[in-house]
Amino acid sequence: MKTGLAVAVGIALLSVTADASPLFSASGNWVGVGRIAPKVDQSMERARCQIEVEPAPDESEVSISGRCALAGGSRRISMRYVRQPGGYLRAGFWSPTDEISVQYGGTETDDTVTLQTLELVDFEGEMYKSRVTMVFDTDAAFTFEQIVQKEGADRWVRIVDMRFQR
Amino acid sequence: MIRGWLRHPIAVWSLLFCIHVVAVLGVLRLSYDDGLIRTFESDLQRFRDYTAYIDRFESDGRDVLILFEGRDMAEPKVLGALTDFLLDLQFVEGVSGVISPFGLRVVSAQGQTEPLVPDPIPPLEVMQARFDAERATGQDLSRVLSKDRTMMLVMVPLGDAAENIEMRGRILAEVNRLAGSTATATGLRVTVTGYPVLRDRISKAIFADLILLTAIGTAVGIAVASLSLRSLTLGLLTTVAPLTSLLWVLAMLGFLGVEINVITVALPVLIMVLATSDAIHLSLEVALMNQNGEKRPEIMAVRRIAPACILAALTTAVAFGALTLSSSTLITDLGKAGAIGTLMSVFAVLVTHPAVFHTAAHIVGRDRLFAARRGQPPSLLNLSALPVWAGRAPGTITAAAIAMLALSAVLYVQIEPRYSLFGDLRAGDEGVAALRRIDTQLFPTGAMHIPVKIAGTEGISAAHSILVAEYGRENVFSLAAFADRAAAAGQSLDEVLNDMPEPLARRLVSKDGHEAVVSVLFPYVDSQDTQARTNVLEAQLALAAPKNATFGRATGIAVMASFVSHDVLTYLNVSFLISLLAAGALIAVWLRRPLIAVVSLLPNVLPIACIGAWLAVSGAGLGFASGLALIIAFGLAVDDTVHVLNRLRLAQKLDTLYDARAVCDATREVAPALVITSLVLAMGMMGTFFAQLVTVTTFGALSIAVFVLALLADLLILPSCLIVLGRLQLAFGNWRMR
C-alpha cells in the first residue's frame, strides 16, 4: 500500500508550468477528499489528504508537503515543482517513508497542469508510465487525477482522483 | 538566634516576602506526571529489558484503544461513518497510524487483493458474510471485531507522543472529539481506553487531588488549631507557619524538578500537617509561657519545643531518607524531596511562627491574644485515662504489647508484594471496564513479548510453534502467524511486512530488522499473576529452545511492572528497618540513653506491625501506597514519642522512670498536645478519602490508622514500658538506664 499511495499522490501533485497556473500562488493549507488506490494494481478506496503549499516568492517553484490517508493507513508526501523556460515544468516527488523519488516533466496552462513521468517507474517490480492532471476550477479548488499504464499494456488505470479545497 | 530575629521585625517580614516571591516562581515550575513508567525506572534487569524493547519495537503500552459497541458493524451507514472517523483520525497531530478492520485485505473472487471493507461499501448482508468469512479463516479480524459484530476495536499507536503529557493530552482530546462525533452520528457507544488514556486520566486526577488535599489539609489545620487553642485568631496565626512550609516545599519540588505523581502527590499535604502539628505545639507553649508571665513567650516556646520539633523532623527525614535506597528512581525522588521538605518545613515553622506571634502580640497585645482561656487546650483532648491505666498495670500492658508485636511481626513477614497497573483507578473505571470487555470478547490485552534474534525465520517459527502448542493459536502473535497467508498470496514474509501499517510491522520485527518478537497474549490481572505466567513461559522456552534461535527474556509493560514492582516493594521492608534503626539511634543520641531509645520504639513499631499483619492476612498485600504509608507514617508517629520523651526530659524524670506517677503525670501533661497533633495529622489526611486516585486514599487511610494507633500506644504503651524499664533499674541496682 505504501508505495502505491505514495506514488499516486506524489505523482499527482508533482507538476505545473509556464502559462502561470494558480499552483504557484496557491499558498496555504488544502484539504483533499476523493479516492486513491493503495497500490497501482489495486482498486481505489476513499481517501483524504491534507497538504501545505509553499510557493517561492517569485513563483518560480512551489513545495508541497502533507499526508494522505486511507482507512487502513496514511503516508507522508513531499514534492517540489519548478518552472522551466518555455512553459515547461519539472517536478520531483519524494516519500520520506518509502524513500521513493519520481521525476516528472510537463506543462501548465492558466488552469491546468499536466505531467508525465520522464522515464518508466518501478512500482512493485513492474514498470509503469504515469500521468498527472491538476485542474484548477477556481483559486480555491482543484482536482488532481493520476493514471498509470503498465509497460506493454494498452489500458490506463486511474489510481488517484482527489478534489482539493482550501 | 530567634531573639535577634525578632528584634528586627521589618527586616524579618521583608526577607520572608522576598523568599515567598522566589517560592512562587518555584511553584510555577511544578510538573505533573502519572508515574506509571517512572515508578519502575531503575537499574533492574527487567526495566533495562523493557527500555531496550521499546527502543526497538512498537510497544503496546502506547496504544490508544477505541472501542465502538452497540450496533452491527456490517451496516453500511456505520462502516461509512467509521471510515470517515479513521480518515480524520490520521490527521490528528501525533497519530502515526491506525490498526483496525479497515486495514485488513482479502483476496477477491477475481484473485485480486482488496480491502475487507471495499469502496463502495456493499449492502449489509454482503458485509456480514465478508466479516464472518474472514473471522473463520484467520485471527486478525477476531482481534478487532467481535463474533456478533457489535464490537469493533481501533488501535492508535502514539509512539513517543505517549510519553509527553501535553502532547498526549492534546491527542486524546482530539481523538475523544472525533470518536464522540462518530458515536453521535451512528448511535454507537464509544469508549477510548488503553494505557495512554489511563495515564492521562491519572495525570489529571493527580492535579485535582493535589488541590483537594491541600485545600482540605489547610481547612482542617485551621479548624483543629482554632478548636484546640479556643480561638479562631490563634488558629489562623498558627496556620501561617504551616502554609509557609507548604509553599516552600512546593517551591522546592518545582526547583528540583521533582514531578507531582501518584507517589509524591500526598507529600505536600503530609508535610503541611506535620508543620501544623509543630506549630500547634509551639502555640500551646507560647500560651503556657505567657500564662507563666514570661516576657518573651515566643522565644521561650521555641527554646523549649524546638529541640523536640527538630528531632521529630529528623526522625521523619530519616524515614524519607531510607527511601532513597530504593532502586526505583521515583521512590528515591520521593525520599530526597521528603527528607529535604521535612527539614525545610521545621525550619519554616521555627522561623515564621515566632515572627507571626510576636508581630500579632505587638499589634493586638498579648493579653488580648491570650485573653480568658485562649491558648489552653480543651480538657476533652487529654485522654488522661490511658496514662493512668499505664501507671496501674505497666507490666501487663508491656507484656501484652510485646506479645502483640511478636504475633503481628510473624504475620507481617509473610506479606506478599501486590501491584496492578490499574491499581490507581477506582473499581468500575470505564477505561478499565472497556479493557475487560476487550479481554473477553476480542483478545487478551496483557502481553508477554519474547524477542528473538533473527537468523532466518526458523527461530521465530520455532518459538511461535512452541508457544502455540501451549497457549493456543489465538493467543500467540508473531511474524510466523502470517506465513500461511503469505504463502497463499504468493508473497514473501518481507512483502507481507511491507504491506502492513508501520506500527503493526514494528510489533513483529525490530526497526533494524535484526530481531523479531513473539507475543503471548493473556488477560491481565495483576503483578503476581503476570510474574507467575512469565516464569512458566520462560521455563518452557528454555526447555524447548531450538539451537538456531536465541530467545531474550520476556518483557512488555505488564511483565516489566510485575518483576520490578516485586523487587521495589520488597525493598521497602529494608527501608523500613533502616528508618527504624536510624530513628532509634537519633533518640539514643539525643537523650544519651540507648535503652530508653530502644524501648520507645515499641509503641511506634507496634502500629506498623499490626497494620502490616492486617494487610498480610486480608490478602491486600504490600503495595506502593501501603509500603510508603507505613514507612512515612512511622517517621511521623515517632514525633509523638519524641514529644513525650521531651516532656520527661524537661521534667528531669528520665533517671527516675520507676516513679510511675511521675511518668504518668508527664505523659498526661503532654497528652492534650499529642491528641491535638494526632488529630491534625489524621484529619489533615482525611482529604485523601475524597481523592480520585485509589493509591492516595489507601495511603491516607493507612497513615491515619498509624497515627491513631501510635497515639494510643504513646499514651498507654510508652509510659508502661518506661515504668517497667525504671523498675528494672531499681531491681538491678546500679544498672543505669543507658
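Using a cut-off of 4.0 Å between Lys/Arg side-chain N and Asp/Glu carboxylate O, A:Arg67 and B:Glu93 are scored as not salt-bridged.
In this structure, CZ on A:Arg46 lies 6.5 Å from CD1 on B:Ile121, to the nearest 0.5 angstrom. The OG atom of A:Ser74 sits 11.0 Å away from the CG atom of B:Leu86 when rounded to the nearest 0.5 Å.
In terms of heavy-atom proximity, B:Gln90 sits nearest to A:Leu70 at NE2-O, 2.5 Å. Annotation for B:Thr83 and A:Ala71: closest pair CG2-CB, 4.2 Å, computed over non-hydrogen atoms. Across every non-hydrogen atom of A:Cys49 and B:Phe91, the tightest pair is CA-CZ, 3.7 Å.
Ranking B:Pro120, B:Pro115, B:Pro101 against chain A, the residue ahead of the rest is B:Pro115, based on heavy-atom pairs under 4.5 Å.
A:Arg35 contributes a side-chain N or O that, together with a main-chain N or O of B:Asp119, makes up a donor-acceptor pair within less than 3.5 Å.
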Checking side-chain contact (heavy atoms from CB on, under 4.5 Å) for the pair A:Glu45/B:Val117: CA distance, chi angles, key distance, verdict? CA-CA 9 Å; A:Glu45 300 171 24; B:Val117 182; over 6 Å; no
